[in-house]
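Here it is, the structure, as structure tokens.
Atoms within each ligand, like the ligands themselves, are counted from 1 in listed order. Bear in mind that the values here come from a model prediction, so they are computed numbers and not experimental data. Side chains included, hydrogens not; waters and symmetry mates left out as well; all remaining heavy atoms used.
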Amino acid sequence: MAFDYDLFVIGAGSGGVRASRLAAMAGAKVAVAEEYRAGGTCVVRGCIPKKYMVYASEFGRAIEHAKGYGWSVDTPTYDHNLFMDRMHREIDRLSGIYARNVRNAGVEIIEERAEFVDAHTLKLMTSGRTVTAQKILIATGGSPIMPKNVEGIDLAISSNEMFHLDAIPGHIVIVGGGYIAVEFAAIMNGLGARVCIVYRGETVLRGFDDDVRTHVHDELKRKGVKVITNASPTRIVKAGGKLSMALSNGESVTADKVLFAVGREPYTRGLGLDKAGVKVNDKGAVVVDDYSRASVPHIFAVGDVTDRLNLTPVAIREGQAFAQTEFMNMPTQFDHAGVPHAVFAQPPVGIVGLSEADARQKFGRVDIYKTRFRPMKDMLTGDEERVLMKVVVRAEDERVVGVHIVGPDAPEIIQAVAIAVKMGATKPDFDRTCALHPSIAEELVTLRDKFVPPELKPV
Ligand SMILES: Cc1cc2nc3c(=O)[nH]c(=O)nc-3n(C[C@H](O)[C@H](O)[C@H](O)COP(=O)(O)OP(=O)(O)OC[C@H]3O[C@@H](n4cnc5c(N)ncnc54)[C@H](O)[C@@H]3O)c2cc1C
């Protein structure tokens, strides 16, 4: 049977763009359908605009700090419309570059939603056209979860709307304790909003190392974010221009905006996966093997829709591995171990490898090296912010299996450390490396003493 395309990709986000470009450059006839904007979540409503908002939110504190160094600054003001206008112009530019690069590689971009009709056929939902393809790649990403069991949920917003606020709210309540909730809490706090986090657990950032969680939780509170723990919302009502949210612990909070950042789910709703026979798990994620092959041999999935490790560089690498395997005669699996990641809070977090708890569970005996200190720069600013550095070492062979940093430039530092960790560096390798002085990162190579829990210290 002759197909319209060798490869049809659903979704022009991080994974879909990389896969479609490489497949087309290898000579395949490729089309990619995109229902919203080329570039996907990362470029349009994720990493990139989020990082611009992080930058915007940091200047207030930097101006305060400058006073400690002798600068005098008149009352600084922030123009939200000006910033948003500039940020969106940059996003438009980037989205345009993505679309252009895809076209230049010979890929046809179809600006419509695509849904499965059967295992080789897709319907394009605006034109009503159907197309067939020999191979299909599902790269539809994820979408924010808005829990339907909260009465009045329609009054709340998701991370998508955070990039289109007309003004910084006087008071915002953020429901959730994951990285997106924590990042927006820091952003809104830095831009002058009163911020309250409502979290159903005890400490934010579930899944991260416990020391990192406590450090970030305490820093949020120290910077003035109110954190209500062990509570979840039950009802939201509008009253006198404000939103009032009732909580499971009997409290209620009132705010101008309520943001739900309680997680994301694979975006497979309405895609017609059942018509193609593609299996999903209980969260709706497409089930794939190590080569991103779904339960139907000619259908594949990469990125957030597979719910493996939901990060942009991972989606890109999975897309690349798929194209290499299927169109470049180079069978490639992406290795999901040792992927560095960040939380762009204030101070930011950078992490690679395992948490202490996960390492103990996996390896039994581990050694911990850690330090907390005030960075040199803050000695003159009076800021009480602390840096945390923690290195998790497998006792058996002294291999470094986890590095966790909370502090200025932590994401930048961790990207470089990730190379050493991926290469299998040991603690003696770290020790042999000479310090770069004066820097925050030098602490990583000068950690000499194993951490001994206070209860085990000799008296
Ligand atoms: C607020 C926020 C902050 C984030 N920050 C970071 C960060 O700092 N670092 C990081 O690494 N990751 C971050 N992420 C995660 C990152 O954005 C995702 O991991 C990444 O975008 C996943 O890429 P993807 O290709 O799987 O999907 P996406 O980039 O989501 O692309 C999927 C595309 O498919 C399109 N689509 C969906 N269904 C259809 C259909 N049926 N037909 C046609 N088109 C369709 C969508 O419109 C979308 O453009 C963040 C995410 C959010 C929400």
field: Close approach, Arg37 and ligand 1, non-hydrogen under 4.0 angstrom
entry: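 True for this residue.
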
query: With respect to atom 18 (C) of ligand 1, which of Val314, Val339, Asp304 exhibits the smallest heavy-atom separation?
result: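 Heavy atom nearest to atom 18 (C) of ligand 1 belongs to Asp304.
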
- request: Answer yes if the side chains of Thr121 and Asp118 hold a donor-acceptor pair under 3.5 Å, and no otherwise.
  value: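 Distance-only check passes for Thr121 and Asp118.
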
message: Out of Gly46, Pro49, Gly39, Gly319, who is nearest to atom 3 (C) of ligand 1 when you count heavy atoms only?
response: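 It is Gly46 whose heavy atom sits nearest to atom 3 (C) of ligand 1.
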
query: Ignoring hydrogens and geometry, is there a side-chain-to-backbone donor-acceptor pair from Asp256 to Pro169 under 3.5 Å?
result: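 Judged by distance alone, no pair lies under 3.5 Å.
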
- request: Just jot down the ligand 1 atoms closer than 4.0 angstrom to any heavy atom of Tyr36, in number order.
  value: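 Answer, ordered by atom number: 47 (O).
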
- prompt: Taking atom types as modelled and ignoring hydrogens, do the side chains of Glu202 and His217 form a donor-acceptor contact shorter than 3.5 angstrom?
  reply: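 On atom types as modelled, these side chains do not qualify, holding no pair under 3.5 Å.
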
- prompt: Side-chain contact, heavy-atom cut-off 4.5 Å: Leu94 with Ile48?
  reply: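 Heavy-atom side-chain distance check passes, below 4.5 Å.
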
- prompt: Do any nitrogen or oxygen atoms of Ala315 lie less than 3.5 angstrom from nitrogen or oxygen atoms of ligand 1?
  reply: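 There is no such contact.
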
field: Arg386 side chain to Thr371 side chain, donor-acceptor N/O pair below 3.5 angstrom
entry: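 No, no side-chain donor-acceptor contact under 3.5 Å.
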
task: Mark up the atoms of ligand 1 that fall under 4.0 Å of a heavy atom belonging to Pro313, in ascending order.
output: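 Checking each atom against Pro313, I get 11 (O).
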
query: Closest non-hydrogen protein atom to atom 35 (C) of ligand 1, residue and atom name please, with distance?
result: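 Checked against all protein heavy atoms, atom 35 (C) of ligand 1 sits closest to Glu34 OE1, 3.2 Å.
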
task: Give a yes-or-no answer on whether the side chains of Thr381 and Glu64 include a donor-acceptor pair shorter than 3.5 Å.
output: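 No, no side-chain donor-acceptor contact under 3.5 Å.
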
- request: Please identify which atoms of ligand 1 are closer than 4.0 Å to at least one heavy atom of Gly303.
  value: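 By the 4.0 Å cutoff, the relevant atoms are 26 (O).
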
field: Shortest reach to atom 27 (O) of ligand 1 by a heavy atom, considering only Gly141, Ala12, Gly13
entry: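 It is Gly141 that holds the nearest heavy atom.
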
Ile180 neighbourhood, listing ligand 1 atoms whose heavy-atom distance to it stays under 4.0 Å: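 The atoms of ligand 1 under 4.0 Å from a heavy atom of Ile180 are 1 (C), 2 (C), 52 (C), 53 (C).
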
query: For Tyr36, is the NZ or CZ atom of Arg113 found under 6.0 angstrom from the centre of its six-membered ring and inside 45 degrees of the ring axis?
result: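 So Arg113 doesn't make the cation-pi contact.
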
- prompt: Looking only at heavy atoms of Glu115, does any of them come nearer than 4.0 Å to an atom of ligand 1?
  reply: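 The answer is no: ligand 1 sits nowhere under 4.0 Å from a heavy atom of Glu115.
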
query: Do NZ/NE/NH1/NH2 and the carboxylate oxygens of Glu111 and Arg103 come within less than 4.0 Å?
result: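 Salt bridge flag = yes for Arg103 with Glu111.
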
query: Honestly, is Lys135 close enough over Phe3, meaning NZ or CZ under 6.0 Å from the six-membered ring centre and within 45° of the axis?
result: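 No, Lys135 does not lie over the aromatic ring of Phe3.
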
field: Glu112 heavy atom under 4.0 Å from ligand 1
entry: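 Contact present.
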
query: To which of Ile10, Ile110, Thr41, Asn310 does the heavy atom nearest atom 30 (O) of ligand 1 belong?
result: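 Nearest heavy atom to atom 30 (O) of ligand 1 lies in Thr41.
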
task: Establish, yes or no, whether the cationic atom of Lys275 lies under 6.0 Å from the six-membered ring centre of Phe116 and within 45° of the ring axis.
output: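 That pair does not qualify as a cation-pi contact.
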
Shortest reach to atom 15 (C) of ligand 1 by a heavy atom, considering only Phe163, Tyr179, Tyr98, Tyr267: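 Checking each option, the heavy atom nearest atom 15 (C) of ligand 1 is found in Tyr179.
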
task: Establish, from distance only, whether the side-chain atoms of Tyr291 and Gln324 form a donor-acceptor pair under 3.5 Å.
output: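 Side chains of Tyr291 and Gln324: no pair found under 3.5 Å.
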
- prompt: Purely on distance, is any nitrogen or oxygen of Glu35 under 3.5 Å from one on ligand 1?
  reply: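 Such a contact does occur with ligand 1.
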
query: In the protein, what heavy atom is nearest to atom 11 (O) of ligand 1, and what distance, to one decimal place, separates them?
result: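 Here the closest protein heavy atom is Thr312 N, 3.0 Å.
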
Distance from atom 41 (N) of ligand 1 to nearest protein heavy atom, with residue and atom: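 Heavy-atom neighbour on the protein nearest atom 41 (N) of ligand 1: Ala114 O, 2.9 Å.
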
Residue, atom name and distance, where the atom is the protein heavy atom closest to atom 21 (O) of ligand 1: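 Nearest neighbour among protein heavy atoms for atom 21 (O) of ligand 1, to 0.1 Å: Cys42 N, 3.5 Å.
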
field: Close side-chain approach of Arg235 to Met245, heavy-atom, < 4.5 Å
entry: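 Counting from C-beta outward, Arg235 and Met245 never come under 4.5 Å.
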
query: If we ignore angles and hydrogens, is there a donor and acceptor under 3.5 Å between the side chains of Gln346 and Ser57?
result: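 Looking only at side-chain atoms, Ser57 and Gln346 do form a donor-acceptor pair, the distance falling under 3.5 Å.
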
- request: With atom 5 (N) of ligand 1 as the reference point, say which of Glu318, Lys50, Arg113 has the nearest heavy atom.
  value: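 Going through Glu318, Lys50, Arg113 one by one, Lys50 has the nearest heavy atom to atom 5 (N) of ligand 1.
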
task: Within a distance under 4.0 Å of any heavy atom of Gly15, pick out the atoms of ligand 1 and give their elements.
output: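 Those of ligand 1 that fall under 4.0 Å from Gly15 are 25 (O).
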
task: Mark up the atoms of ligand 1 that fall under 4.0 Å of a heavy atom belonging to Phe344, in ascending order.
output: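 Checking each atom against Phe344, I get 8 (O).
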
query: Is there a donor-acceptor contact under 3.5 Å linking the side chains of Asp92 and Ser95?
result: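 Distance-only check fails for Asp92 and Ser95.
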
- prompt: What protein heavy atom is closest to atom 53 (C) of ligand 1, reported as residue, atom name and distance in Å?
  reply: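 Residue, atom and distance for the closest contact: Arg264 NH1, 3.3 Å.
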
Closest protein heavy atom to atom 34 (O) of ligand 1, given as residue, atom name and distance to 0.1 Å: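 Ranked first by proximity to atom 34 (O) of ligand 1 is Gly11 CA, 3.1 Å.
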
field: ligand 1 atoms in contact with Leu271 (distance to a heavy atom under 4.0 Å)
entry: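 Per the distance check, 41 (N).
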
Asp383 versus His65, side-chain donor and acceptor atoms under 3.5 Å: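 Yes - a donor-acceptor pair under 3.5 Å links their side chains.
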
query: Starting from atom 39 (C) of ligand 1, which protein heavy atom do you reach first, and at what distance in Å?
result: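 It is Thr140 CG2, 3.7 Å.
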
query: Given Ala38, Cys47, Ala139, which one has a non-hydrogen atom that is nearest to atom 9 (N) of ligand 1?
result: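 Result: the heavy atom closest to atom 9 (N) of ligand 1 is in Cys47.
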
